[in-house]
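The block underneath contains the structure these notes are about, expressed in structure tokens.
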Amino acid sequence: MYSIYNAVTIGSLFLILYVLIDFIRNKTKSIISRVVFYSFIFYLLNVVQVTTGGIIFPPQNDSAPVLMQLIPFYFIGDWINIYRGGS
């Protein structure tokens with residue numbers, strides 16, 4: 001069986017750790033720009049989760065390739081081909 005891990009959960013834990021360290025080191029810098037940066041990183045984590053479906057670790061004895069979709073919304077073209085009767 002494949003082991004699937006949620007990229008948002010794992011990434012958010014690292015992001016929280018980074019935010020804590022950043023607040024300790026840079027107390028005097030603009031907080032608004034840092035919050036915008038943190039929210040952008042969280043957005044990127046969600047895009048990675050939706051695009052790839054999570055972090056997948058295949059079993060060691062299985063030689064089947066792991067297919068991952070790196071182009072967002074590419075599946076819509078596949079759906080159109082399926083409903084038109086194409087392959």
Quiz prompt | Nearest atoms (heavy-atom pairs only) where Val8 meets Leu45 | solution =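 In this case the closest contact between Val8 and Leu45 is CG2-O, 3.6 Å.
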Quiz item: Which pair of non-hydrogen atoms, one from Asn26 and one from Arg34, has the smallest distance, and what is that distance?
Solution: O-NH1, 2.8 Å
Does one hydrophobic cluster hold both [X] and [Y], with members joined at side-chain heavy-atom distances below 4.5 Å?
X	Y	value
Tyr38	Leu20	no
Tyr43	Leu13	no
Phe42	Val19	yes
Ile41	Phe23	yes

Practice problem: Can you measure from CZ (Arg84) to CH2 (Trp79) and round to the nearest 0.5 angstrom? | Solution: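 Nearest 0.5 Å value for the CZ-CH2 distance: 15.0 Å.
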Quiz prompt | Pairwise distance CD(Gln49) to CD1(Ile10) - rounded to 0.5 angstrom | solution = 9.0 Å
Exercise. State, yes or no, whether a side-chain contact exists between Ile21 and Leu17 at a heavy-atom distance under 4.5 Å.
Key: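 Contact flag for Ile21/Leu17 side chains = yes.
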Quiz item: Less than 4.5 Å apart, any side-chain heavy atom of Val35 and any of Ile31?
Solution: yes
Quiz item: Does CD1 in Ile76 sit with more than 12 non-hydrogen atoms of other residues, nucleotides or ligands closer than 6.0 Å?
Solution: yes
Practice problem: Without swapping roles, check the side chain of Thr51 against the backbone of Val48 for a donor-acceptor pair under 3.5 Å. | Solution: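 The answer is no, because no donor-acceptor pair under 3.5 Å joins these two groups.
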Quiz item: Hey, does the side chain of Ser12 reach the backbone of Thr9 with a donor-acceptor pair shorter than 3.5 angstrom?
Solution: no
Practice problem: Run through the side-chain heavy atoms of Ile, Leu, Val, Met, Phe, Trp and Tyr, join any pair under 4.5 Å, and report what else lands in Val50's cluster. | Solution: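 Val50 clusters with nothing; isolated.
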